[in-house]
Visitor: 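Starting off with a structure, shown below.
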Amino acid sequence: MTVKTDVVIIGAGPVGLFAVFECGMLRLKAHVIDTLADAGGQCTALYPEKPIYDIPAHPAISGADLIDNLMQQAAPFAPTFHFGEQVMQLTRTEADTWRVVTSKGTELEAPVVMIAAGCGAFGPNRPPLDGLETYEATGGVQYFVQRREAFRGKKVVIAGGGDSAVDWAISLAEVAARVQVVHRRPKFRAAPESAARLDQLAKDGAIELVIPYQLAGLEGTNGVLSGVIVETLDGQRRTLEADHLLPFFGLAMTLGPIADWGLNLERNQIAVTQATAATSAPGIFAIGDIATYPGKLKLILSGFAEAASAAHAAHAIVHPGEVVHFEYSTTKGVPGGA
Ligand SMILES: Cc1cc2nc3c(=O)[nH]c(=O)nc-3n(C[C@H](O)[C@H](O)[C@H](O)COP(=O)(O)OP(=O)(O)OC[C@H]3O[C@@H](n4cnc5c(N)ncnc54)[C@H](O)[C@@H]3O)c2cc1C
């Protein structure tokens, strides 16, 4: 079933979220799609705890708090979020609207699409193992821990040497039946206190460090994972009994299908008219890091201004002939506001 809306926003990073607010102030309903499991784009995926110092009127605010505030600011406009879905297709309909189709088959139709896709869709770096997709589909292999409790009493193999691998090993050691950490070298690239805690848990026998090994294969039947094969650089192999493999090899960003939508691309960014954020295609706008024009600054505050310009230009497409009288938010208020 195709759901119709005014604006489809691709990307729930800071700029996509602020676009919900700007569209809402002009009575434009929005659906927002993101490949990640949560809102926030780079702010929450890459630096949730780092303070940002150049958000106007916030002398310092963490990436995570900025996103919480943007979610609150968008909430009165009741956007529909589609998390964990990548926009794969963007095609023009006979009615001169756009049809958006996601990796999970969600179909949306709207006269306006705002691409707020940053540097592209985030996805985990996946180990090149035979049969990986089968075990991903059954949950045998997972890249994010959504519920720690799901691992209670399970045999868990964690692969990687960074903060995520170390932090989850420490955390899951409290609930899992067994935690083994596979890493190529003895040194972990994690915060020193976390690395020290991991060493202590290994000494206490609560975690086994499988070092220096790397992933070599998966074992199981009917999609149910039973073992992870690991090997040393000189080919010595071991099989670790496992209900779950959690590879933490970082996140990659890929422009992905956006490159195939016929938009004017300049070095992986979409060229737009600065005044409106309009792209070369009618009804498609690009805002935030993905957009470029002469003098573009890849900053959150530039993206916020682009979202406001795009929303005003979008209104003329969604409600042609209806005049928008420019009003301050102080005059207009927000739904449910004082
Ligand atoms: C370490 C670090 C520190 C930074 N510090 C600052 C700072 O101090 N000040 C500042 O202004 N900026 C800073 N930045 C840059 C800032 O984070 C970016 O400018 C900002 O995140 C851009 O926001 P955005 O919404 O355009 O894109 P993003 O935050 O990149 O969000 C884009 C979202 O779109 C999603 N997406 C992409 N393609 C698709 C698709 N096809 N389907 C579905 N979803 C898709 C992605 O998964 C992602 O969640 C920093 C960046 C980093 C990495």
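Order of appearance sets the numbers: ligands from 1, and atoms from 1 within every ligand.
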Visitor: Heavy-atom contact check, 4.0 Å cutoff: does Ala116 meet ligand 1?
Guide: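 Yes.
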Visitor: What protein heavy atom sits nearest atom 25 (O) of ligand 1, and how far away is it?
Guide: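 Nearest neighbour among protein heavy atoms for atom 25 (O) of ligand 1, to 0.1 Å: Val15 N, 3.1 Å.
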Visitor: Would you indicate which of Ile300, Ile290, Ile287, Ile55 comes nearest to atom 11 (O) of ligand 1 when only heavy atoms are counted?
Guide: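 The residue whose heavy atom sits nearest atom 11 (O) of ligand 1 is Ile300.
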Visitor: Using a 4.0 Å heavy-atom cut-off, say whether Thr102 meets ligand 1 through its side chain, its backbone, both or neither.
Guide: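 The answer is neither.
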Visitor: Step by step, would you call Tyr143 with Glu136 a side-chain hydrogen bond (donor to acceptor under 3.5 Å, both in side chains)?
Guide: CA-CA 9 Å; Tyr143 302 96; Glu136 286 172 346; 2.5 Å; yes
Visitor: Going by the atom numbers of ligand 1, which of them fall below 4.0 Å from some non-hydrogen atom of Gln86?
Guide: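 Here the atoms of ligand 1 in question are 40 (C), 41 (N), 42 (N), 43 (C).
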Visitor: Using distance alone, determine whether Ala121 and ligand 1 share an N or O pair under 3.5 Å.
Guide: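 Yes.
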Visitor: What distance separates Ile290 CD1 from Glu306 CD, expressed to the nearest 0.5 Å?
Guide: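 Answer for the CD1-CD pair, Ile290 versus Glu306, is 11.5 Å.
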Visitor: For atom 42 (N) of ligand 1, grab the closest protein heavy atom and report residue, atom and distance to one decimal in Å.
Guide: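 Scanning the protein heavy atoms, the shortest distance from atom 42 (N) of ligand 1 goes to Val87 N, 2.8 Å.
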Visitor: Can you list the atoms of ligand 1 that are under 4.0 Å from a heavy atom of Leu299?
Guide: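 What qualifies from ligand 1 is 10 (C), 11 (O).
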Visitor: With a heavy-atom distance limit of 4.0 Å, tell me whether Pro14 approaches ligand 1 through its side chain, its backbone, both, or neither.
Guide: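 Within the 4.0 Å criterion, Pro14 contacts ligand 1 through backbone and side-chain atoms alike.
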Visitor: Can you list the ligand 1 atoms lying under 4.0 Å from a non-hydrogen atom of Ile33?
Guide: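 Counting atoms of ligand 1 from 1, those under 4.0 Å from Ile33 are 43 (C), 44 (N).
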Visitor: To the nearest 0.5 angstrom, please state how far the CD1 atom of Ile270 sits from the CZ atom of Phe285.
Guide: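 Between Ile270 CD1 and Phe285 CZ, I get 12.5 Å after rounding to 0.5 Å.
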Visitor: Considering only heavy atoms, which of Gly120, Cys43, Gly118 lies nearest to atom 37 (C) of ligand 1?
Guide: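 Nearest heavy atom to atom 37 (C) of ligand 1 lies in Gly120.
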Visitor: CG of Leu265 to CD1 of Ile258: how many Å apart, nearest 0.5 Å?
Guide: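 Here the interatomic distance stands at 9.0 Å.
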Visitor: Give me the residue, atom name and distance of the protein heavy atom closest to atom 29 (O) of ligand 1.
Guide: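 Minimum-distance protein heavy atom for atom 29 (O) of ligand 1 reads Gln42 N, 2.9 Å.
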Visitor: What's the spacing between Ile207 CD1 and Ile170 CD1 if we round to 0.5 Å?
Guide: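 One gets 6.5 Å once the value is rounded to the nearest 0.5 Å.
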Visitor: I'd like to check which ligand 1 atoms, numbered from 1 as shown, lie under 4.0 Å from a non-hydrogen atom of Gly288.
Guide: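 Near Gly288, meaning under 4.0 Å from one of its heavy atoms, ligand 1 has 26 (O).
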Visitor: So for Met88, does at least one of its heavy atoms come nearer than 4.0 angstrom to any atom of ligand 1?
Guide: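 Contact check Met88 vs ligand 1: negative.
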Visitor: With heavy atoms of Glu85 as the reference, note each atom of ligand 1 found under 4.0 Å away.
Guide: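 Selected atoms, number and element: 43 (C).
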Visitor: If the condition is side-chain contact (heavy atoms from CB on, under 4.5 Å), which residues does Pro51 pass it with, not counting sequence neighbours?
Guide: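 Testing Pro51 for side-chain contact (heavy atoms from CB on, under 4.5 Å), a comparison that skips the adjacent residues, returns Tyr53, Ala60.
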Visitor: Distance alone, cut at 3.5 Å: any donor-acceptor contact between the side chains of Asp204 and Gln200?
Guide: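 The answer is yes; a qualifying pair exists.
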Visitor: Give me the ring orientation class for His82 and His31: parallel if the planes are under 30° apart, tilted from 30 to 60°, perpendicular past 60°.
Guide: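 Plane angle under 30°, so parallel.
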Visitor: Should the proximity of Leu46 to ligand 1, defined as any heavy atom under 4.0 Å, be assigned to the side chain, the backbone, both, or neither?
Guide: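 It is the side chain that gets close, since no backbone atom is under 4.0 Å.
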Visitor: Counting only heavy atoms from other residues, nucleotides and ligands, does the tally under 6.0 Å from CZ of Arg197 exceed 12?
Guide: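 No.
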Visitor: One residue to check: Asp54. Relative to ligand 1, which of side chain, backbone, both or neither has a non-hydrogen atom less than 4.0 Å away?
Guide: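 Asp54 to ligand 1: side-chain contact only, backbone stays beyond 4.0 Å.
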Visitor: Can you tell me the protein heavy atom closest to atom 17 (O) of ligand 1 and the distance?
Guide: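 Protein heavy atom at minimum distance: Tyr47 OH, 2.5 Å.
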Visitor: How many angstroms lie between atom CG of Leu215 and atom CG of Leu132, to the nearest 0.5 angstrom?
Guide: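 Answer for the CG-CG pair, Leu215 versus Leu132, is 9.5 Å.
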Visitor: Students should be able to answer this: which protein heavy-atom is nearest to atom 49 (O) of ligand 1, and at what distance?
Guide: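 Protein heavy atom with the smallest distance to atom 49 (O) of ligand 1: Asp34 OD2, 2.7 Å.
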Visitor: Which atoms from ligand 1 have a heavy atom of Gly11 less than 4.0 Å away?
Guide: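 Counting from 1, the qualifying ligand atoms are 33 (C), 34 (O), 35 (C).
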Visitor: Show the nearest heavy-atom pair for residues Gln42 and Cys119, with the distance to one decimal.
Guide: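 Heavy-atom minimum between the residues: NE2-SG, 3.8 Å.
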Visitor: Considering only heavy atoms of Gly41, which atoms of ligand 1 have at least one such atom less than 4.0 Å away?
Guide: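 In order of numbering, the contacting atoms are 29 (O), 31 (O), 48 (C), 49 (O).
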Visitor: Would you compute the distance between atom CG of Asp243 and atom NZ of Lys155 and round it to the nearest 0.5 angstrom?
Guide: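 Those atoms lie 4.5 Å apart.
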Visitor: Just do the side-chain hydrogen bond (donor to acceptor under 3.5 Å, both in side chains) check on Thr2 and Glu109 with the steps written out, would you?
Guide: CA-CA 7 Å; Thr2 305; Glu109 189 183 326; 5.4 Å; no
Visitor: For atom 18 (C) of ligand 1, find the nearest protein heavy atom and state the residue, atom name and distance (0.1 Å precision).
Guide: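 Result: Asp289 OD2, 3.3 Å.
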Visitor: Could you tell me which residues satisfy side-chain hydrogen bond (donor to acceptor under 3.5 Å, both in side chains) with Glu208, sequence neighbours excluded, listed by chain and number?
Guide: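 Per chain and number, Glu208 pairs via side-chain hydrogen bond (donor to acceptor under 3.5 Å, both in side chains) with Gln180, Arg238.
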Visitor: How far is atom 8 (O) of ligand 1 from the closest protein heavy atom, and which atom is that?
Guide: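 That would be Ile52 CG2, 3.4 Å.
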